Amino acid sequence: MASILGLFDTAESAADATLKLDAAGFTNDEWEVLTDTPYPEGAFGEKDPKHTLFRYPFVGALLGFFSGLLITLGTQVSFPLVTGGKPIASFPPMIIIMYEGTMLGALIFTTIGIIIESRLPRVTGPGLYDTRITEGHIALVLDAPAERISAAEGAFREAGAVDIKQE
Amino acid sequence: MANNGHNGHHVPEALGLTPAEITADQVSRVVSSGPKYRTALILSGALFALGIVGFVIRALEGFDDRSIWGYYAATMVWLLTTAGAAPLSAFAFRMTKANWRKPMVRAAEIWGAVTIYIFLLLIPMYFMIPSSQTGADSFRPTIWFHASWGAPHLWSAMGMLGFILAAACFFWITTVPDHAVLRDSDASRSWNRRLAIRWRGTSTQWQILQVGIILFGTFFFMGLFTAHFLVPSDFALALVPGWKDAIFPAYHMLTALQGGLATLIVTMYVMRRWGGLSDYIKMEPFWALTKPLIATCFLWFYFWWCAFIVYWFGRSDGEIGVLRYIQFETYRPFFLAGFLLCFLIPGILLIANPVRKSIIGPTIVSLIILVGLFFDRIRIYVASFGVPNDEVGHHAFDLSHALPAMILPDAIDIMMIVGAISGAVFVYLLVTRLVPPISMWEMKEDVLLRVIRPLLRGTYTLIGKPR
């Protein structure tokens, strides 16, 4: 597999390049768009971003909840002290600590989830990038077999790419 | 200048800058600082240092006598109530998709980073309060019931840590794209490089960013409630004999909503007036924020009244003692100041349309509220810390004896008050060297999705809201 980056100075020329990639037989699974502004989803015909971030806080919250339960219940059972005629394992004193555990677990797992789901940082290296993207340029990065890269390069040049990089 | 239509209605103004100009302008503000900024930094830093000196002098007297730390506690909680709550506006108005929020969100988000400093101020306070367990088999009444170890110190600090983590994460997630801009503008900016964690701006990353803001914002909201349940419970209610008030934490939270809004309005005014951001921050966010602000002023009365009338009606020794101590006798001047400055005066002022629909009006009202909240925190926390150790845990004040006397601030207290507040300003100013005071990515999105169109004899603004 090879990668190619086409840099465009306007959103219109980048969108035009994606049409030319379509015409050259590429699918939107093979390329992604890099921008410095959140464009409305689908503005460049890119694939619908898929993620499972919502699962992370749930898993973290469950782990945190049960950690809180274990700490409080364990303490009460380890030091059995009957107070006010209440049962040894009394629920009300446990609530706040279980809530705190739930929130902390959800927070930590969400942070992990964001890093993993955003591919931040990328395990396979930084990937093709150009610092002009954060100055307002739009980049299209395409991953494809090496023999098809020249077709993508042609599409980028035809759409008016101001720069092209390969790796 | 406000752009008014022929019928006097306010028409939102466009920014008038291109995305590239926004980037260039904001990056330049981060990498270079003007004389006003340097003066503010040096002044706040010097006052912060003065506060540290005051803290050290006071710490030499030890932490056992809680009464000498009352003003420190009141200042810390005041910062938690005001600066600590300000980021909520950035989250709440994102959720309501209010477009006017875009110029002001970063002003609120930066206070999220300042909460780390607030947490550092909180840590010494845990050395000042007694354990819940008072003997081998005896406990004082706290929200921790009969937890035999770690209460309230460990468990309360754990809850506060959750809040601080949520605030810091919320600050981080909302600033990631701007860190990437600064990273790309200057490779030597190592903090921006670390915090951007190889952000590239893919569609997936933008999507994750939006979801992350929702999640961390939600945790911040939950954490804020937690903080304003734990702090008043452990540092006020549990120390004052007879003070068992279920409404009080809710009242405390309400004052945080009020304080957060007031802090944000004052911050916006300072940024606009002295920070050179008048092109970005116009009248719209000031006007819009006064609407929830006026609601919090009247809710202040509602919450206070609900708590008061139950105590007034109850008439037990415990209830009479609490009312006399924190409201009507010992700390009456502070209570009256809070009543006037948090409810009555701002409520009346904000009813007037010309006050709300201006920049200076909401700012003055917000300053009044911030001062009022400070007096309110004094009457709560100085009073609570002024209860002698041998009375903590009792179910009522002994009304046959005099109530604890009012504590007024001494020179060390003044040093700590000024230093703690200046420290928050100092940290805030430092953070503006890390991220721009305006959210670049949100402003650029605004430019992308906002169009002004002619309509008959006037114009109207068309705003795209794709999500």
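What you see is a predicted model, and the numbers here were worked out from it, not measured in a lab. FYI, side chains are in, hydrogens and waters are out, and symmetry mates aren't considered; it's all heavy atoms of this structure.
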Does A/D36 form a side-chain contact (heavy atoms from CB on, under 4.5 Å) with B/W441? I'd like the steps, not just the answer. CA-CA 7 Å; A/D36 73 332; B/W441 67 271; over 6 Å; no
Nearest 0.5 Å, please: how far is CG in B/L165 from CD1 in A/I108? 7.0 Å
Contact part of A/E41 toward chain B, heavy-atom cut-off under 4.5 Å: side chain, backbone, both or neither? side chain
What part of B/Q210 gets closer than 4.5 Å to chain A, counting heavy atoms only: side chain, backbone, both or neither? side chain
Should the heavy atoms of other residues, nucleotides or ligands under 6.0 Å from CZ of A/F66 be counted, would the total exceed 12? no
Point-to-point distance, once rounded to the nearest 0.5 Å, from OG1 of A/T52 to CD1 of B/I208: 7.5 Å
Structural part of B/T23 lying under 4.5 Å from a heavy atom of chain A: side chain
So which heavy atom on A/P49 is nearest to which on B/Q207, and how close? CB-CB, 4.0 Å
Which portion of B/L448 sits near chain A, non-hydrogen atoms under 4.5 angstrom: side chain
Would you mind checking which part of B/L182 comes under 4.5 Å of any heavy atom in chain A, side chain (CB onward), backbone (N, CA, C, O), both or neither? neither
Return the minimal non-hydrogen interatomic distance between A/T111 and B/C169, and the atom names on each side. OG1-SG, 3.8 Å
Shortest non-hydrogen contact from B/L449 to A/P40? CD2-CG, 3.9 Å
Region of B/F163 that comes under 4.5 Å of a non-hydrogen atom in chain A: backbone
Do the side chain of B/R200 and the main chain of A/L128 share a donor and acceptor less than 3.5 angstrom apart? yes
Look up atom OG1 in A/T72 and atom CH2 in B/W155, then write down how far apart they are to the nearest 0.5 Å. 8.0 Å
How long is the span from the CG atom in B/L215 to the CG atom in A/L53, to the nearest 0.5 Å? 5.5 Å
Rounded distance [0.5 Å steps], CE in B/M158 versus CD1 in A/I97: 7.0 Å
Apply side chain to side chain donor-acceptor pair (under 3.5 Å) to residues A/T35 and B/W206 and explain how you reach the verdict. CA-CA 9 Å; A/T35 62; B/W206 283 114; 3.1 Å; yes
Region of A/Y39 that comes under 4.5 Å of a non-hydrogen atom in chain B: both
Go through it in stages, so that I can follow the logic: the residues are A/L107 and B/F220, the test is side-chain contact (heavy atoms from CB on, under 4.5 Å), and I'd like the CA-CA distance, side-chain angles, deciding distance and then a yes or no. CA-CA 10 Å; A/L107 254 172; B/F220 176 78; over 6 Å; no
Please find the pair of heavy atoms, one from A/V33 and one from B/S203, that lie closest to each other, and give the distance. CG1-OG, 3.4 Å
Distance from A/L104 atom CG to B/L161 atom CG, nearest 0.5 Å? 6.0 Å
Would you say the side-chain atoms of B/D184 and A/T134 include a donor-acceptor pair closer than 3.5 Å? yes
Contact class of B/I143 relative to chain A, heavy atoms under 4.5 angstrom: both
Any donor-acceptor pair under 3.5 Å from B/Q205 side chain to A/S118 backbone: yes
Contact part of B/L230 toward chain A, heavy-atom cut-off under 4.5 Å: side chain, backbone, both or neither? side chain
Heavy-atom distance under 4.5 Å to chain B: side chain of A/I95, backbone, both or neither? neither
